[in-house]
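Here the structure is laid out as structure tokens; the discussion comes afterwards.
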Amino acid sequence: MASITEKTARVLNTYKNKKLAIGVSGGRDSMCLLHAVLHCGVIDASNILAVHVNHCLREQADSDERFVKSFCEKNGVKFEAYRVDVKKQCERSGASIEQAARDLRYGVFYDILKRGGADVILTAHHALDNAETILMHMFRGAGLDGLCGMNNPQVKAETGESTHTKILRPFIDVTPDELDEYCKANGIEYVVDQTNFIDDADRNFLRLNVIPLIEQRYSGAVRSINKLASECRQACAFMDSALDPKLINYEDGAVVIKTEALLSPLAARYVRRALLHFTRVDVTREQTDRVISLAHMRTGATVELTGYILAVREYDGVALYVPRLFCDTELPIKLGANTLDGLAVDIEYGDVPPRETKGGAVDFEKLDGAVLRFRRDGDVFKPFGGKTKKLKQYFIDNKIPKRMRDRIPLICKGNEVLVIVGVQISDDVKQTCDTTQKAVVRRRW
């Protein structure tokens, strides 16, 4: 059997010239990882950053931080410590202490990657951690993805933001017994978090009560669970390769899954792919089922998901998005750039064919005294070449999704809409043979 340093060297072989950030709490697992990386003969110490996230939850927390810092100073490793407010995160998100701490910790890791402080993050998760994760996923109602456990390496792509974050777990096939032996053989010192022996958290409950019983009855159960996870990852990768990317569209802050995708045998995988755009939190089978059910409902039907995400049945699919607070601001229009709640509308003199209504060809004099705002109750609109109707009815007639209606800039006088920016102009502001100030209204995407 390969030693821990040999396993670490094998995993890191393709990262020789990369900058590595290692999550180091000071406990057995992370101290073993830091030691193994330093002694595997693949990575130079100058390319290693030890990252300690202080959750500020225990009296021992500060001394743990000092312990890790001291080790790094003695071994020539760059050290960075971060303090996070877990209790405040719990109040804000409603998450458990365990989940909030994890979210904040990974938030630190992702920020390091985004600013170029490291090319990859290493964590000390091992085979027992992976087995616990899989069991928790099962009990919470996860699908096949939940049985994949912790991928190694785990790559998360947030489509539309060009953000790729990498988490590498060299110890994912290493057991706690092997880590104990490695510590003894190399004289590795570490700190002990006494809260790990309290079974109030889900993971601790499984580790202290459930898995020992399973192992008594089925020797090698943890390794068997990990082998199952490996096979599930291969199956999931194969199914993901069969997804049609054209059936998921990313548009203006929303992800739209086409109806065809939601009626296919791979519907759940399309939903999971779409949800990756918004959340890193584990997606349960209940969540995916609720989204899929919308494919059989009327247009406008809505379900709420975790993370403040809404799923809405639209004309040709289901849209996932996080609603923004309504903005009631109105601004007098002017030539040049007009900005409303982060959306830019440009108004410039220019001569384009009057029927290029989406380009917003208008008679600028007829916009005198108008304001830029979002829609309000009672708004009416007279489409180019048409008759006056309620703005809401115009949106319905033209199949403009409900989620977009509050975020389309309007140029108005009172309750009369003169321009639906980027969509249509009113017949009342069209250019005629008498127009002297021809202008174009465009939304800057």
Side-chain angles (χ1 to χ4, degrees), residues 160 249-254 256 299-300 312 314-317 319 321 323-445:
N249 296 325
Y250 301 85
E251 52 183 53
D252 200 22
V256 180
T299 299
V312 181
E314 295 188 349
Y315 302 99
D316 59 351
Y321 68 102
R324 293 187 57 163
L325 294 176
F326 178 72
C327 174
D328 198 34
T329 301
E330 62 177 45
L331 304 169
I333 64 164
K334 65 180 188 299
L335 284 169
N338 298 259
T339 304
L340 179 66
D341 197 28
L343 302 179
V345 176
D346 295 325
I347 304 177
E348 304 287 350
Y349 287 129
D351 189 5
V352 299
R355 287 194 176 275
E356 286 193 11
T357 54
K358 284 193 175 182
V362 299
D363 185 332
F364 188 68
E365 286 184 294
K366 296 176 181 177
L367 299 183
D368 183 46
V371 299
L372 184 69
R373 63 171 175 81
F374 295 115
R375 70 166 178 160
R376 295 174 183 166
D377 291 341
D379 282 344
V380 295
F381 180 60
K382 184 179 182 182
F384 187 92
K387 297 181 180 180
T388 301
K389 61 176 66 177
K390 291 181 179 180
L391 179 64
K392 178 180 179 180
Q393 190 60 51
Y394 175 82
F395 283 152
I396 294 172
D397 293 346
N398 287 271
K399 296 186 176 180
I400 295 176
K402 190 174 181 180
R403 62 182 162 82
M404 299 176 63
R405 297 172 193 172
D406 287 336
R407 294 294 295 169
I408 297 177
L410 309 173
I411 296 178
C412 308
K413 284 185 180 179
N415 70 335
E416 182 185 358
V417 177
L418 304 179
V419 181
I420 304 174
V421 180
V423 180
Q424 176 72 283
I425 68 168
S426 167
D427 198 68
D428 293 334
V429 296
K430 67 184 179 184
Q431 298 172 3
T432 68
C433 57
D434 298 322
T435 298
T436 59
Q437 295 186 38
K438 294 182 178 181
V440 183
V441 180
R442 291 190 179 93
R443 178 174 170 182
R444 194 189 312 158
W445 296 94

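Please read all numbers here as calculations on a predicted model, not as lab measurements.
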Would you call [X] and [Y] a side-chain contact if the rule is heavy atoms closer than 4.5 Å?
X: V345; Y: L340; value: no
X: R407; Y: F374; value: yes
X: L391; Y: V380; value: no
X: V419; Y: V362; value: yes
X: S426; Y: F384; value: no

Measure from the side-chain N and O atoms of [X] to the backbone N and O of [Y], and report whether any donor-acceptor pair falls under 3.5 Å.
X: T435; Y: Q437; answer: no
X: N415; Y: G378; answer: yes
X: N398; Y: F395; answer: no
X: K402; Y: R405; answer: no
X: D427; Y: G385; answer: yes

| said: We want to know whether E365 and T436 form a side-chain donor-acceptor pair, criterion being a heavy-atom distance below 3.5 angstrom. | reply: yes
Do the side chains of [X] and [Y] get close enough for a salt bridge, i.e. N-O under 4.0 angstrom?
X: R376; Y: D328; answer: yes
X: K366; Y: D428; answer: no
X: K392; Y: D379; answer: no

| Where do D363 and V429 land on the side chain to side chain contact (heavy atoms under 4.5 Å, CB included) test, with the steps shown first? | CA-CA 6 Å; D363 185 332; V429 296; 5.5 Å; no
| query | Do other residues, nucleotides or ligands put more than 12 heavy atoms under 6.0 Å from the NZ atom of K389? | reply |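 For K389, atom NZ is crowded (more than 12 foreign heavy atoms under 6.0 Å).
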| message | For the CG atom on D377, are there more than 12 heavy atoms of other groups (residues, nucleotides or ligands in this structure) within a distance under 6.0 Å? | response |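 Incorrect, the count does not exceed 12.
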| task | In sequence, state the C-alpha distance, the side-chain angles, and the governing distance for K399 and E314, and then conclude on salt bridge (charged side-chain N to carboxylate O under 4.0 Å, His left out). | result | CA-CA 9 Å; K399 296 186 176 180; E314 295 188 349; over 6 Å; no
| task | Using salt bridge (charged side-chain N to carboxylate O under 4.0 Å, His left out) as the criterion, point out the one residue from K334, R443, R444 that pairs with D346. | result |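 Of the listed residues K334, R443, R444, the salt bridge (charged side-chain N to carboxylate O under 4.0 Å, His left out) partner of D346 is R444.
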| note | Of all heavy-atom pairs linking R403 and A319, the shortest is NE-CB, 3.2 Å
| Shortest non-hydrogen contact from C327 to D341? | CB-OD2, 3.8 Å
